[in-house]
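Read the structure below first, then the notes.
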Amino acid sequence: MIVCVAIVGQQNNPLYIQSFTNGDDALKFHYIVHCSLDVIDEKVSNPKKLGLSLNETFFGLLYPTEDYKVFGYLSNTKIKFLLVTTDQDLRDADVRNFFRRFHSEYVDAASNPFHVPGKRITSPAFAERVSSIVSSFGTGPVP
Amino acid sequence: MEGVGFMLAQSVRQQIAPLVMVLATASVEASCQKNSLTFVDLLRPFCSLANVNVPVRTASEQPYRLQEFNMRMFYASEIRQPPEETAEEYLLEVVNSTSENLPAEPEEDVQRKNDFSAALAAADARTPSFQKYVKEFMRTLAFSEHEAVDHPVASIQAVSSSDDHPISRFVELYNAENLPSLIEEGAMDPKLLKLYVLVHDLQEGSVDRANEILLEMRSTFGVNNCRILCINSGSPEADDGSPNSNEDMWSSHSLRPMTPLSASGVDKLDKDPSGRRRGCFITQADVEEVTDFVLDIAVKHIIPTMELRVRTLYQQVAATRKGLKNQLKNLWWRKGKDEVPDVSNGPQYTYTSMESQIRVLADYAFMLRDYELALSNYRLLSSDYKMDKAWKRYAGVQEMIGLSLFMLDQSKRESELCMETAINYYHQKSGLSSAKYATRASLWLTEMHKARGQYREAAVVLFRSSTEEGSLRSALLLEQAAYCFLRTAPPMLRKYGFHLVLAGNQYSNYGQKTLAMFVYQCALKVFGHQGWNYISDHVHFHLGRLCQLLENNAFAVQYFKKVIACSHQSPTNQAKFLSEFLHVIEKSDRMGAVLDLDLPSIDLEHVYVHFEDQRTYASSAAASVPEEIWTSVEEGLVPAADKAVNWLDARTGNAKTVTADYNICVAGEDIGVDVEFSNPLQVALDVSGVSLVCNFTAEGSTEESGQEFSEESTLYTSSSIDHVLPHDGQPGTRSVQDELVLREEAFTLKAGESQVVRLRVKPSRAGLLRVVGVKWVLSKIAHGQRDFAVVGRKSKSRSNKRDEPRPHQRLKFRVLGHMPKLEVSLHEMPGRVNAGEVRRLVLELSNSSAAALKSIKFKTDHPLFLLVGDSGDLDQEFPVCLEVGTDAVRTKDAAAAEEEYSTSGFIFSFPEETVLEGGSTMLWPLWLHARQGGTFALNTVIYYEPDKLSSGLRYRTVRITHSLQVLSSLRVGVEITPSPLRLEQFLLRLDIENDHSAESFWLRQVSCAGNQWSLASLQPPVVENGDESEEADVRAAYLSASVCPSQLLPAGQNLSLFFKLLNVGSGKLTAEEGFTSNIRLGPPSSMEPLIHVGKGPLLSFLLREKVHIKKPELFASLQDQVGGIAKTDKRKTVNTSPVEILHEAGRVDVMLISEQQDGMSMEKRISSVNDSSRIIFNDVCQCSVQGSVPLVWVLEGPRYVKHDFKEDPFCEVSFTLTISNRSNLDAHVTVETFDVKSMPLHSSVSNQEKRVGWFPLTSSAAPGVGESATGLTTTESVSSSAAAAAAGSVSSDKENVCGRTSCGPYMWCNLRSTKISLAAGTSAQVSLCVTTFAPGIYDISRYQISWSLQDKTLETEGSLESKSSMISLEKSSKSTEKTYAAGFTPISDELGGISGPSSKGSGDSARFGTEPGHPYLLTCISSGDDVI
């Protein structure tokens, strides 16, 4: 289950962060997302060492904790997309697919002329679409 | 060792060094105590031997040299592991001591740029204290039973020379109760190298006695093992310059005894009661002696002993364990041990056991830096312990393997693996007690990682061990982990911050508030300002809490302040934060202090200033009307010269005056500032005591304005500079209190609500006022203040478009002295009226100030709607005052109204003598006539001047605005058709439609104005008795049921009324009665008094309307908001040619007065405030009386002619044809007469052709006249009737007479055709003559009039009719089947053609027309006959 998704801007400022749990654990996910930015930075700063090809946007698993796994994705405009999940074994393709959709939703939302780049995304339509992506995650065609 | 690991290797060597057990007598201690030192402390600084060169050989006879050497000295009593609690307490004290010298105050955001370096500096600053802690921590773990590292190598027995029986004392010292417990337990080898030291205190006496004792000792204990140590050669007074004044030599090396100390105990230790510094008796000579002593012991005794021991042990081990045979034996033997049940710590090994021996060998080898040997033995041992399942020992050995590998700088990976194994085994296999050893191993591993630059791994190790630790240590470890993240290759600032937060949490869990504060503050630098608001809230909140717990409420307030405006948090959190904040403020002594609060959030950029200079406003609605509208209304009212007072002109006039930036206001009057407060939280906020913060500079006594301003502006700028400072002091608060009246507001903001609050300040004196900001009290506890943003002013660029702030954004005021102020209210102003309704309003003018005012003027932008009445209008009850009364009427006509407009633009000036004294009130009537439907804003300006001209403003205006909704009610259309027979008579059709959705109306009266016109009912008037009948022109009439069933017109219905309109000429009416003609509608019994339309407000409205229609462009400026309908009308009626004005007389104004009464409506009206009757006055101005035919003609002549045909067969009758041109165009008229044959209309009729136009003379034929208009078609029926048949028989001979002739029954005798030119509005007469030949009834209609109009203006005739009503356009549709009067219908040609009598159809072709003559019957009677 996806418990949290986040979009982080160029200045590592949160643009959108949404948890999908019932509890009041926004703080926890903020910390998790915030810390995973370090890993992204690290991966960006020396991509060869970590075996990433040059044009790869998907970072794979960033940050396993006891309960969660954090996956990362970086757009070419240095917008970071993060996914926190409780699923222990995920197929890479699923995660990639998720990020691709998530990214395109972000592009849609950021293309809104009333959206100020670098500011938080407050569009309820965007939130709704993201939550639909999240809820459809993992329920796709599983062989 | 070289390179990165050097520091660590150094510390390992110091940490794992041979241990020397010290036993000292009380007197030795006593002499040391003179220096505030213990004996061990005295020796300890000299235990690090840096420059030695000791040759050592390894077990395999490999020589090498020790360049440096360390020893550890401990009292025998200290050689034991302290109890758990004691150790923890001790460590806690260590932490406490480090936390004391933290950087206490967080330097607030000095440079944000150097975050990283600042964090590094903080980390560096914390490192020594952590290292100290680690040292102490490891010390608490020393002397464990599973390791031999801390087993003493030698023992030093020290006896003072002042002791009695020194020799026996030496023996006593080394007895069982003084020895460490480990020896007793058998874990330690009791056979130690013993060294005997005689300590001589030189203060006690000469060294002679000591030497004696030494000799004795030597004889007893052997020469080599005995030493003498002389100390205290100096005196505290004389050694200031000596090097031993350096206290640090001891203090840095002193180890505090690990017994829990009370606070006083600590004091005693740190400060000697005698106040002497440490080592005050120690001289340089003493130091040298001690150094020599320690060196001697180390080089001559300890190192050789250890070397020897290593060698013997090695041989022993080699004998038993080396070689295949031994290994096999060992394996076998070990297996046999397997049956032994597992104990948690594994089997007990005494010092004699092989394993302990190997361990000692390995440890000694390690200490002698023969790491290869140590490593091989540790490995040997580890397999043994592993097989024995002695996990703790196994882990300990693994730890040492790791260290050995590190020291050898070999196989990095393996050393780490060994450490990992050690950690794991300490944790998992050997129970809780060894958890600390796991931590120790982790620390070693961390240090190893760090030494190799693997900070990330180090952090991971630290973090993991912190999770295993359940004490304060975990916090320390987390903090260190955080610092490790800081040092990774790309610094991982976020993980650093996160671990700091974790550490802070742990610190506060274990009560280390200062440390927690410190780490939180460090963490804050990472999290702040980036939008991670949940995190920064969390940190701020905890910082606030900690500050609160540390009694540092001021800081707590600062931290909580940042948290409270957290709209993203859950409502519970919001409430929690807020209550904590308020609690802290309550607790703190800064209760009254003003804070820069964010709650409630205030829109500081957008404030709206309400002030009144010369422009005052009657209501807030008026103030919100745009200035442009007011300017247009005020045009002509406000003296142009005075406009210079206006800020705009003032600026352009003399641009450099400082007053340009100031708004003008008047002392004693409120200035309002609209500020928007909004509550970002889900919690209701109680805001009270909201008021403005102002700066006020009173005006000096001098009244010279120019200088004064410049003076004051300098004064002002200085004060504004003052104001940049914090507002605690409020410069000039004292005087502000006196000179300003600030009103405090209080309100409650619900969750998420925002509220615009008008804050007011009232300056009581003239001066300069500046509104700085706003302050408030949150929940009656927290005082907040924010300053308004300064608008404009900053951009003082050279370019012309300087960013001037709008007057409503400026917060600076020039306060003028007192001025009179007029307050205006309009009473009885309805919000909603029906169209056409006439209301009387009362204008109340009250002078609220002390000064008197004069020259009151009134102007409105809707002069058609509002009218200033006469002062007398108020005396009478409404609507009685409208009725036909007795008093004399002031009459006006359209010309007068025009005059009025052109001179004053409908400005009403109150009488000159009207002076409103201060405090007095005046009432004045106003008339409201809603002439058309829609919603209007009636903007009205009242102008006045102060009675006494003061230095201030020369005039002021009051602006009043009212919104009025006008519902459509009755729509009235008028169609006037000229009577075909009478020139002066017209048929007036009045179409009334009730457009109102609910109301019904009583039609009360129809009147027409215009001094040439008089209305009459179509029915014969019922002449009533009494005075009414005397007035010839005012006729009461009732309409029979067939015409109008009721005078009540219910909603949605329509009605047509018909009247006769007579052109009576102006001469017939007296001026007294005005020029009105009224017809009362309703039953004859109705005694409703007539409404006098010829006077008072109704007349004025009518006149204004006329002016408006005639000169719409005059109204254009005022009528912009009336809408498109009026505009289209205007365009069509732009016809101000002189002809039009000339034809003024040809037009008539028709008015319908109706009434809406309570109880008459279909729906029961609920509102009781309705006045009993509401008069509705619909006027249709300037109705054209022309009809669709431009010409009207009448044939006049005798009706009966007696003629004796026997005498003269030709009877000549003369007629006069009067032709009148009703159009406004010149006409050329042709009159033609024809005989029968030439009549084209009847050419098809052959049979009865002869009889056309002639009827036999019968008595019964007369009534047939009515049908004679269509007589040609009805002759058949007439002739077939019995009467006609009779008549026919009588006159059959006559018929033959006529039939014989070739001409018609009559002949025109004087004229065939004539052409006349008729100027517009004129008439002409043509005399005609007809000759008849026989008695009978003749239809003299065989003439034809054709005309052509001289088109001058290309204006169509029909459009003139459109003036009759404005509303006609909006609702009429072409599809309607009804034939309305022209006023109702659109100006469409078809409809106009149908209703009009013209057969030519379109109005365009009416310009050229031909009409046959009207029927005219002439009866010829033969005078000779006796027929009649």
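In what follows, every heavy atom counts, from backbone to side chain, and hydrogens, waters and symmetry copies are set aside.
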- Task: Taking side chain to side chain donor-acceptor pair (under 3.5 Å) as the test, write out the residues that go with Ser442(B), two or more places apart.
- Result: none

- When rounded to the nearest 0.5 angstrom, what is the spacing between CZ in Phe541(B) and CG in Leu27(A)? 11.5 Å

- Message: side-chain contact (heavy atoms from CB on, under 4.5 Å) for Met492(B) and Asp41(A)? Distances and angles first, verdict last.
- Response: CA-CA 8 Å; Met492(B) 296 180 129; Asp41(A) 275 1; over 6 Å; no

List the atom pairs, with distances to 0.1 Å, where a side-chain N or O of residues 108-117 of chain A and a protein N or O form a donor-acceptor pair under 3.5 Å, not counting sequence neighbours.
unit_1, atom_1, unit_2, atom_2, d
Ser111(A), OG, Val107(A), O, 2.5
Asn112(A), OD1, Phe114(A), N, 2.8

- Message: For residues 29-36 of chain A, give me every residue with a non-hydrogen atom less than 4.5 Å from any non-hydrogen atom of chain B.
- Response: His30(A), Tyr31(A), Val33(A), His34(A), Cys35(A)

Listed pairs under 3.5 Å, donor-acceptor, residues 454-461 of chain B side chains, sequence neighbours left out:
unit_1, atom_1, unit_2, atom_2, d
Gln454(B), OE1, His449(B), ND1, 2.8
Arg456(B), NH1, Glu42(A), OE1, 2.8
Arg456(B), NH1, Glu42(A), OE2, 2.8

- In Å, rounded to the nearest 0.5 Å, how long is the span from CZ of Phe498(B) to CG of Asp38(A)? 11.5 Å

- All heavy atoms of Trp532(B) vs all of Asn13(A), minimum pair found to be NE1-CA, 4.2 Å

- Message: Would you say that more than 12 heavy atoms from the other residues, nucleotides or ligands in this model lie under 6.0 Å from the CD of Glu753(B), or not?
- Response: yes

- Segment of Asn573(B) engaging chain A (4.5 angstrom heavy-atom cut-off): side chain

- Task: Below 4.5 Å from any heavy atom of chain B, which atoms of Asn12(A) appear? Answer side chain, backbone, both or neither.
- Result: both

